[in-house]
Amino acid sequence: MSISQVRESAGSRRATARGTGITRQPRIAIIGAGFSGLGLGIRLKRAGLTDFTIFEKADNVGGTWRDNRYPGLSCDIPSRYYAWSFAPNPDWSMTFSPGSEIQGYIEKVAAKERLSDFVEYHTPVTAARWDETEWEVWSNDRSLGRFDFVISAVGFLHYPNHPDIKGLDTFAGKVVHTAEWDSTATWVGKRVGVIGNGSTGTQVVAAITPEVEELVHFMRTPQWMVPMDKKPYRRSWKLAQRFVPGLSKRTFKFYEEAQDAFGEGFTEPGPGQDAFVQMPRDFLEAAVPDPDLRAKLTPDYPPGCRRLIVSSEYYQMIQRPNAHLVRDGIVEVVPEGVVTADGTLHELDLLIVATGYDANAFIRRLGLVGRDGATVEELWKDGYRTYESVALDGFPNFFMLGGPHSPFGHFSFVLSGEHQSRYAVRWIEAWARGEYENAAPSTAAVDRFTAQQRVKIKETTWGADCVSWYQDVSGTPSLYPWSARTFRESMSKRVVSDFDVQR
Ligand code: NAP
């Protein structure tokens with residue numbers, strides 16, 4: 001069925017909404033077919049709200065799990081908690097699953113939920129304008145139509161950060177960015193350089209070191225690490241997950257509680273946090289006996305200020321005889337390899353660039369124009385301002401999944417998207433019941449939330465003295481600073497008095 005047929009049949013689909021009080025079908029534009037956008041689509045369908053389109057720039061669902069294909073790609077959040085709560089997967093192969101398996105899971109659920117009818121591929125959203133009653137959405141010169149709601153689900157690590165390193169384009173071998181992996185790149189038996197040691201660079205080094213002739217890891221700023229309890233699931237456990245009544249729910253709950261406790265290590269000051277931040281120090285001490293190497297791997301800022309790296313393998317790998325940790329800064333790249341500040345030329349065959357993303361892009365590139373010409377750039381010129389991470393003043397009938405102030409430092413991104421989706425759907429259902437025409441949070445409510453966020457973040461580990469990609473132009477980490485429990489609670493309420501509502 002084509003998208004227009006789906007829309008035309010919305011009237012007949014209304015029958016599914018009987019008993020919910022729905023009297024009209026809102027037209028909804030969702031931007032992005034990753035975990036958040038697809039999850040929202042599934043929720044809308046289940047609520048009987050079927051006049052929605054998911055605009056996707058690429059040719060498949062999956063978002064970051066579709067785009068990233070570098071060696072070692074996996075998720076450092078436990079698989080049973082990095083999945084939609086309504087679609088448990090008994091077949092995860094490991095406690096922490098590889099990226100390709102996560103992409104397979106997303107595709108499988110999207111197919112089962114028949115979401116392909118609702119996704120328009122090859123359609124990057126480049127502008128969306130509020131015209132006092134509705135949104136008009138554009139992909140370059142093409143109008144994609146008029147909508148009652150626009151919801152961004154574009155994620156926050158999306159646009160690769162290409163480092164400005166002198167001579168990078170002169171390298172004689174292949175240069176490949178992890179976020180744009182070149183499937184023809186080969187590393188087995190080669191001399192390989194990896195630039196960057198965030199979660200990505202660390203995963204790459206851990207995966208390829210045993211297979212390369214020589215591994216040179218260029219590390220500008222060391223990062224704190226914690227071990228990962230990664231192990232394969234036995235067949236009997238997978239069968240139990242599938243067939244034992246209630247087991248899958250209980251396992252999810254177990255991980256939820258464990259992740260909540262882990263998250264509180266970041267957000268709640270006190271003895272628990274003190275013990276939590278000691279963990280990475282103890283891990284490094286135990287894993288790296290050589291004091292010189294340990295000194296090179298020791299950050300000069302407190303643990304938890306940046307995102308913790310979760311890896312049990314990296315410290316082992318960097319101690320292998322074929323691995324070299326280089327802390328001298330990169331001066332330039334020449335055809336033969338990388339020259340560092342001590343004058344050494346590191347001769348290489350392949351250069352892997354793991355330098356992350358433009359983490360401050362968020363929704364900036366969507367060309368949103370709200371009420372009275374409001375723009376996101378103007379709204380955020382002095383730092384992020386949001387209402388509870390999901391809405392913006394001056395942008396009626398607009399919601400963000402995974403925007404600034406979301407709990408992406410201590411929560412499963414899949415589940416934070418789910419809670420934010422539930423919140424948006426609650427507002428959309430009220431519209432469908434005819435309770436209002438448009439609504440945006442008041443400036444007072446946004447100011448209040450933002451001020452509270454800026455005070456509380458100072459109590460978290462992210463508020464310590466360091467430079468991290470979490471920070472906005474004001475230096476404030478753009479994270480939800482309260483516990484995961486508080487986040488779930490806030491997403492379960494719809495405080496209408498915080499909104500300017502046109503009826
Ligand atoms: P990242 O954390 O931003 O790390 C980028 C690395 O590149 C840093 O080590 C940085 O050094 C270095 N770098 C950047 N520009 C450089 C330059 N010009 N010269 C030398 N070094 C340079 O990026 P990431 O590792 O891709 O991770 C980003 C985020 O993605 C993570 O924090 C996480 O949220 C997510 N992620 C998650 C998983 C998962 O398993 N869930 C896996 C991968 C990624 P400095 O520190 O000195 O700037």
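These figures come from a predicted structure and were not determined experimentally. Atoms within a ligand are numbered from 1 in the order they appear, just like the ligands themselves. For reference, positions follow the sequence shown, starting with 1.
Of the protein's non-hydrogen atoms, the one nearest atom 12 (C) of ligand 1 is Gly196 CA, 3.8 Å. Protein heavy atom in closest approach to atom 41 (N) of ligand 1: Asp76 OD1, 2.9 Å. The protein heavy-atom contact nearest to atom 44 (C) of ligand 1 is Thr200 OG1, 3.4 Å. Looking at atom 23 (O) of ligand 1, its nearest protein heavy atom turns out to be Gly356 CA, 3.2 Å. For atom 18 (N) of ligand 1, the nearest protein heavy atom (residue, atom name, distance) is Pro163 CB, 3.4 Å. The protein atom (non-hydrogen) at minimum distance from atom 13 (N) of ligand 1 is Thr355 CG2, 3.6 Å. Ranking the protein heavy atoms by distance from atom 8 (C) of ligand 1 puts Asn197 N, 4.0 Å first. Ranking the protein heavy atoms by distance from atom 10 (C) of ligand 1 puts Arg220 NH2, 4.4 Å first.
Look at Ser74 and you'll find a heavy atom under 4.0 Å from some atom of ligand 1.
Comment: Asp292 does not engage Arg294 in a salt bridge, judged by the lack of any side-chain N to carboxylate O separation of less than 4.0 angstrom. Between Asp91 and Arg235 no salt bridge is recorded (no basic side-chain N to carboxylate O distance below 4.0 Å). Between Glu113 and Arg46 there is a salt bridge, since a side-chain N of the basic residue sits under 4.0 Å from a carboxylate O of the acidic one. For the pair Arg66 and Glu107, the salt-bridge criterion is not met [side-chain N within less than 4.0 Å of a carboxylate O]. A salt bridge links Arg43 with Glu418; the closest basic N to acidic carboxylate O contact falls under 4.0 Å. Between Asp260 and Arg488 there is a salt bridge, with a side-chain nitrogen of the basic residue lying less than 4.0 Å from a carboxylate oxygen of the acidic one.
Rounded to the nearest 0.5 Å, atoms CG (Leu73) and OG1 (Thr200) are 8.0 Å apart.
Side chain of Glu388 to main chain of Val390: no donor-acceptor pair is present (N/O by atom type, distance under 3.5 Å, no hydrogens or angles). Under the 3.5 Å distance criterion, the side-chain polar atoms of Asn161 are matched with a main-chain donor or acceptor of Thr355.
Some N or O of Arg306 is nearer than 3.5 Å to an N or O of ligand 1, by distance alone. Checking only distances, Tyr70 never comes within under 3.5 Å of ligand 1, N or O to N or O. In terms of N/O distances under 3.5 Å, ligand 1 is not approached by Tyr357. Checked by distance only, ligand 1 and Gln203 come closer than 3.5 Å through their nitrogen or oxygen atoms.
In summary, the atoms of ligand 1 found under 4.0 Å from a heavy atom of Thr221, numbered by their order in the structure, are 45 (P), 46 (O), 47 (O). Atom numbering of ligand 1 starts at 1 in the shown order; those under 4.0 Å from a heavy atom of Leu157 are 29 (C), 30 (O), 34 (O), 35 (C).
The shortest distance between side-chain heavy atoms of His324 and Glu214 falls below 4.5 Å. Taking the side chain as every heavy atom from C-beta outward, Leu379 and Arg385 approach each other to under 4.5 Å.
Under 4.0 Å from ligand 1, the heavy atoms of Ala354 that appear belong solely to its backbone. In Ile195, the part holding a heavy atom less than 4.0 Å from any atom of ligand 1 is the side chain.
Heavy-atom proximity to atom 28 (C) of ligand 1, evaluated over Phe408, Trp469, Phe96, is greatest for Trp469.
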